[in-house]
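We name chains A, B, ... by the order of the sequence lines, and we start the count at 1 in each one. Hydrogens, waters and symmetry mates are skipped; everything else that's a heavy atom, side chains included, is used.
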2 protein chains.
Amino acid sequence: MPQNKFSSVKGCGTAVSCQDCSLSSLCLPLSLHEQDIDRLDAIIKRGRPYQKGQTLWRQGDDFHSVLAIRSGSVKSFITSPSGEEQIVGFHFAGEMIGLNGLFNKKYPITTVALETTTVCDIPYDSLDALADDLPELRDQVLQSMSQEISEDQQMMLLLSKKTSEQRLATFLVSVSERFHRRGYSASRFRLTMSRNDLGNFLGLAVETVSRIFSKFQQKELIRFLDSSRDIELIDIAGLYELADLQDGTASACGKRVVG
Amino acid sequence: MPQNKFSSVKGCGTAVSCQDCSLSSLCLPLSLHEQDIDRLDAIIKRGRPYQKGQTLWRQGDDFHSVLAIRSGSVKSFITSPSGEEQIVGFHFAGEMIGLNGLFNKKYPITTVALETTTVCDIPYDSLDALADDLPELRDQVLQSMSQEISEDQQMMLLLSKKTSEQRLATFLVSVSERFHRRGYSASRFRLTMSRNDLGNFLGLAVETVSRIFSKFQQKELIRFLDSSRDIELIDIAGLYELADLQDGTASACGKRVVG
DNA sequence: CGGACGCTTGATTAGGTTCAATTACTGTGG
DNA sequence: CCACAGTAATTGAACCTAATCAAGCGTCCG
């Protein structure tokens, strides 16, 4: 009997079936019939965990699988010819990444683990064959991609129009919403990415991110606990107000359903 | 016999079939069999043209159709609660818009005509039913959305990391590429959007756009013909160099396959 | 213990915005 | 067809936000 929501994740390296996995309702909310889950279970590969800094795939690599993150977190970024990197999303446990690779069979982004991360590997060929029989699965994929587009466009608004304070506030409430929806605390969580990554993602210099965090602490909007990575949102309403967000689109910032 | 590539577009208001339409190979490059084209043709509605400034649909409207632009051009934007608008894409003749509305059955963006614009209206219900039978159509939709994601992420890089000069250069070569692929001149075209729209899209003030255009003219990279909307790219190579673009991703900027 | 890296804070700078004024279009009605 | 009004585009000057440069501190890990 699982002690907590994600206890079955611990056994990821071993033969835990999708049915037993506490993530099944999150990573593939398909309302599949029981035999369908069994079929999906049969095609999923469970590998050893990725260590912090390890690359899951590189921009331009041949597309082979979609991954469901079971525990841990990753960042995804694109690289310009001059070598500049732009982080386009962070992904946490319970999210699916890599779907976007099916356009011309290459991954368009590089994905790197931010901490020790375990995943379920769903080979594309099998998924594709399965999708032929399961309309729900196809719809799920389409919906995920459609949502990703809307979220990326919210990011365009953020990068184009918002001030540094608004950007950071938007990020914080969006991450908060995502954790909340996954059954975790909306007000206390760990930022697994560095200040550098955060600045890169939000279009700000590291120093600016640091300064805004300090300002938010002075305003008693947030507080850091043990380390500068463990944050508590004291005044979520205040952060929302700062962020200028559309209702229900908070999670747009930073959430990349499709990788 | 058509006189030019788009001559059949003129008869859009009348009963021109998809098969005769010179855009068929552009807006739905599906390699459909002949009888499939006939089926598609049967469900398409051809309405009267939209005038400059008219709204095709508004953010939040119920999703009903996908549109193929037969002539003219449009802009699409999202609106933040505080009323700020962010243009997320321009669309020209031969491009499909509105696909993104299938996520929760609402259009997530507002789309407005930049000039007199004619479209083919493909009701979603019919398209959905047709897609059940035609794997190519489904793949096409997936590919379009996947491409859109990559393009939006290129825009995130542009808005987050590029200078004003790089942004405008990126935009110009991307529009050039798009026109070129459609069989038009890569070096001479009309900018149907205002400087205001351009600035909004690129995350710049109108004045900045104007100044960069002037600077580009001084450097003899571009030239304006009759008006400030009719541009000629004199030194495309030079613009490419300025833009810091990935090979083959130039069209990412401004191109929104999915609306 | 030492070195590297990550984070914070301060001082200075710069790219782009904002404000303001002028000129060039576009479209409309007489 | 021209006059006029309203909008779009350009250009200049002042200002400001966030970047850059620089220094110091903390922390993780060999």
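Side chains of K52(A) and T116(A): a donor-acceptor N/O pair is absent below 3.5 angstrom, by distance only. No side-chain donor from either of T79(A) and E84(A) sits under 3.5 Å from a side-chain acceptor of the other. With hydrogens and angles left out, the side-chain atoms of S71(A) and T118(A) include a donor and acceptor closer than 3.5 Å. For the 3.5 Å distance criterion, the side chains of S76(A) and H91(A) qualify, holding a donor opposite an acceptor. At a cut-off of 3.5 Å, with distance as the only test, no side-chain donor of K75(A) or T111(A) sits close to an acceptor on the other residue.
Nearest to the side-chain atoms of L204(B) among the listed nucleotides dA9(D), dC7(C), dT17(C) stands dT17(C).
Using a 4.5 Å heavy-atom cutoff, the side chains of E95(B) and R182(B) are in contact.
Between E232(A) and R188(A) a salt bridge is recorded (basic side-chain N to carboxylate O distance below 4.0 Å). A salt bridge does not link E115(B) with R229(B): none of the charged nitrogens is closer than 4.0 Å to a carboxylate oxygen. Ion pairing of R181(A) with E177(A) is present here, as a side-chain N (NZ or NE/NH1/NH2) and a carboxylate O approach within less than 4.0 Å.
Per the geometry, CZ belonging to R195(B) stands 12 Å off C1' belonging to dC25(C), to the nearest Å. What separates CZ of F213(B) from P of dT11(D) is a distance of 12 Å, to the nearest Å. Spacing between atom CG of N196(B) and atom C1' of dT17(C) amounts to 14 Å, rounded to whole angstrom units. The distance from atom CG of D230(A) to atom P of dG6(C) is 17 Å, rounded to the nearest whole Å. Distance L191(B) CG to dC25(C) C1': 16 Å, rounded to the nearest Å. If you take NZ of K161(B) and P of dG16(C), they are 15 Å apart, rounded to a whole angstrom. If you take CZ of R167(A) and C1' of dA19(D), they are 12 Å apart, rounded to a whole angstrom. If you take CG of L225(B) and C1' of dC25(C), they are 16 Å apart, rounded to a whole angstrom.
Within residues 205-212 of chain B, the residues having any heavy atom closer than 4.0 Å to DNA chain D are, in order of number, E207(B), S210(B), R211(B).
If you check every strand for non-hydrogen atoms under 4.0 Å, S214(B) touches sugar and phosphate atoms only. Backbone-only engagement by G203(B) is indicated by non-hydrogen atom pairs under 4.0 Å involving sugar-phosphate atoms exclusively.
The number of heavy atoms from other shown groups lying within 6.0 Å of CD (Q217(B)) is above 12.
A sub-4.0 Å separation between OP1 or OP2 of dA9(D) and a side-chain N or O of R229(B) is present. The side chain of S194(B) contributes no N or O atom lying less than 4.0 Å from OP1 or OP2 of dA8(D).
Using cut-offs of 30° and 60° on the angle between ring planes, the pair F201(B) and F90(B) is perpendicular.
In terms of position along DNA chain D, the nucleotide closest to K162(A) lies nearer the 5' end than the nucleotide closest to the other residue of the pair S227(A) and K162(A).
Under the side-chain hydrogen bond (donor to acceptor under 3.5 Å, both in side chains) rule, T170(A) has a single partner from E165(A), K162(A), Q154(A), which is K162(A).
Over its full length, the helix from dC1(C)-dG30(D) to dG30(C)-dC1(D) turns its helical axis through 40°, comparing axes from the five pairs at each end and rounding to 10°.
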What does the list of N/O pairs under 3.5 Å between the protein and nucleotides 21-24 of chain C look like, with a distance for each?
none

